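Notes follow once the structure below has been shown.
As the structure lists them, so they are numbered: ligands from 1, and atoms in each ligand from 1. Just so you know, residue 1 is the first one in the sequence shown, and it goes up from there. Only heavy atoms go into these numbers, but all of them, side chains included; no hydrogens, no water, no symmetry mates. The structure presented is a predicted model; accordingly, all values stated were derived computationally and were not measured.
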Amino acid sequence: MSGAPLGAGRHLLSVADLGAEGIEEVLRVADAFVEVGRRPIPKVPALRGRTVVTLFAEESTRTRLSFETAARRLSADVMSCPMAGSSVKKGESLRDTVETVNAMGVDAFVVRHPSAGAPAQVAQWVDAAVVNAGDGWHEHPTQALLDCYTIRQVLAERAGTDPASAGTAGFRGLKVAVVGDVRHSRVARSLVWALGALGARTTVVAPGSLVPTSFDDWPLEAVTHDLDAVLGDVDVCYLLRLQLERGAGAYLPSVREYTSAYGLTARRAALLGEGAVVMHPGPMNRGVEIADDVAELPASTVLRQVRNGVAVRMAVLFLLLGSGGAVEDPAAGGAGD
Ligand code: NCD
């Protein structure tokens with residue numbers, strides 16, 4: 001995979017924009033922001049005077065709040081443009097809305113849109129940095145980055161090492177199962193590419209009706225329908241949400257059938273090897289892809305993923321806007337304003 005570290009004048013539209021080196025850099029910078037998050041006042045002045053706009057044309061709670069929290073912790077000014085209630089409803093095109101907001105003086109647009117490619121379009125219209133916060137079934141790069149950060153953190157804790165000094169060596173040969181509705185999942189695409197760049201061995205576990213038409217450019221070890229057969233041999237079991245609002249239900253005999261074959265029930269969770277972790281990007285369909293009590297197990301990293309999401313998004317915004325290409329000490333400067 002080609003790609004390059006983030007820096008001034010760049011966008012984050014796809015994990016492929018980063019390559020292994022770019023992913024490693026984001027994880028390294030995120031370490032500093034995890035430390036900031038533990039301070040009594042978890043704020044630094046790194047982006048003071050910069051303006052970040054969240055432009056969300058799709059429902060979202062965690063991703064929008066996570067980006068806005070990240071921007072505020074860097075002392076940026078934040079504007080929120082929820083498209084559902086905006087002038088797009090009055091007939092204005094996405095382009096006119098974006099150009100209008102851009103004219104107010106914006107440094108970064110964080111864009112979520114139901115259409116694949118919309119953030120790349122926005123990047124053509126503005127001189128600001130654009131971050132893809134999820135486009136259709138296509139990509140969700142910051143989710144993949146926070147998932148990789150979480151895996152790296154768990155591996156370091158297990159080895160009793162400092163995550164920063166461990167780098168990403170632990171991903172080489174790591175066995176990951178990505179389970180469920182891969183067809184409709186932007187999370188799966190970005191995650192599988194990121195894991196591939198870092199040398200992990202990823203297996204997709206899904207019903208034949210919920211896989212993409214082609215896996216040609218996906219760095220996969222295997223594709224299987226048999227979840228029970230892989231669980232004993234994975235380090236990470238990554239569950240995807242069944243995307244019923246994207247029509248996943250039409251590809252299945254019933255949701256109950258899906259759960260009986262692909263849901264991580266307590267019986268299946270018991271097949272996982274010692275030390276294996278269970279991940280989910282949220283929001284979870286409890287009782288569908290993950291059983292209620294499995295979501296609460298110590299092996300589940302769901303809330304840790306959310307927590308790390310803020311630090312990872314701080315790293316992305318900082319690298320795009322604050323560092324001028326060179327990372328000195330992003331966490332310097334104490335509380336911002
Ligand atoms: C994901 C999304 O919206 O793509 N959620 C998220 O960003 N936290 C996954 C999902 O909705 O299943």
Side-chain angles (χ1 to χ4, degrees), residues 12-15 26 30 54-71 80 82-84 110-120 131-151 176-195 204-207 210-212 236-249 251-252 255 258-259 262-264 278-290 295 300-314 316-317:
L12 177 58
L13 302 174
S14 160
V15 164
V26 172
T54 53
L55 197 90
F56 276 55
E58 222 186 51
E59 297 295 316
S60 162
T61 308
R62 78 194 63 214
T63 304
R64 187 173 56 76
L65 290 180
S66 178
F67 269 109
E68 291 178 358
T69 303
S80 179
M83 303 284 286
V110 177
V111 182
R112 167 161 293 192
H113 202 279
S115 305
V131 180
N132 180 0
D135 60 333
W137 305 359
H138 180 226
E139 278 226 44
H140 194 351
T142 57
Q143 179 70 44
L145 291 166
L146 73 90
D147 291 334
C148 288
Y149 187 87
T150 303
I151 294 171
V176 183
V178 175
V179 185
D181 184 2
V182 181
R183 180 185 179 91
H184 300 105
S185 179
R186 53 193 172 211
V187 171
R189 185 182 304 262
S190 292
L191 178 63
V192 168
W193 286 5
L195 290 170
V204 157
V205 188
L210 287 181
V211 295
V236 177
C237 176
Y238 194 102
L239 303 167
L240 299 169
R241 186 172 64 84
L242 189 62
Q243 310 246 327
L244 293 166
E245 81 285 7
R246 295 189 191 282
Y251 294 87
L252 299 167
V255 171
Y258 175 83
T259 303
Y262 296 96
L264 195 65
V278 176
M279 302 182 74
H280 192 299
M284 291 184 279
N285 288 317
R286 285 177 185 259
V288 179
E289 67 267 356
I290 185 163
S300 154
T301 62
V302 177
L303 290 178
R304 191 196 272 245
Q305 288 166 265
V306 176
R307 208 173 306 122
N308 288 335
V310 175
V312 166
R313 290 175 173 126
M314 287 172 82
V316 166
L317 292 172

Would you say the side-chain atoms of [X] and [Y] include a donor-acceptor pair closer than 3.5 Å?
| X | Y | value |
| --- | --- | --- |
| His140 | Arg189 | no |
| Ser66 | Arg313 | yes |
| Ser80 | Glu68 | yes |

Contact check, side chains of Thr142 and Val131, non-hydrogen atoms, under 4.5 Å: yes
Rounded distance (nearest 0.5 Å) linking atom CG of Leu252 with atom CG of Leu210: 5.0 Å
Amino acids in close contact with ligand 1, where any non-hydrogen atom sits under 4.0 angstrom away: Arg62, Thr63, Arg112, His140, Gln143, Arg186, Val187, Arg241, Gln243, Pro281, Gly282, Pro283
Under-4.0 Å salt bridge between Glu58 and Arg246: yes
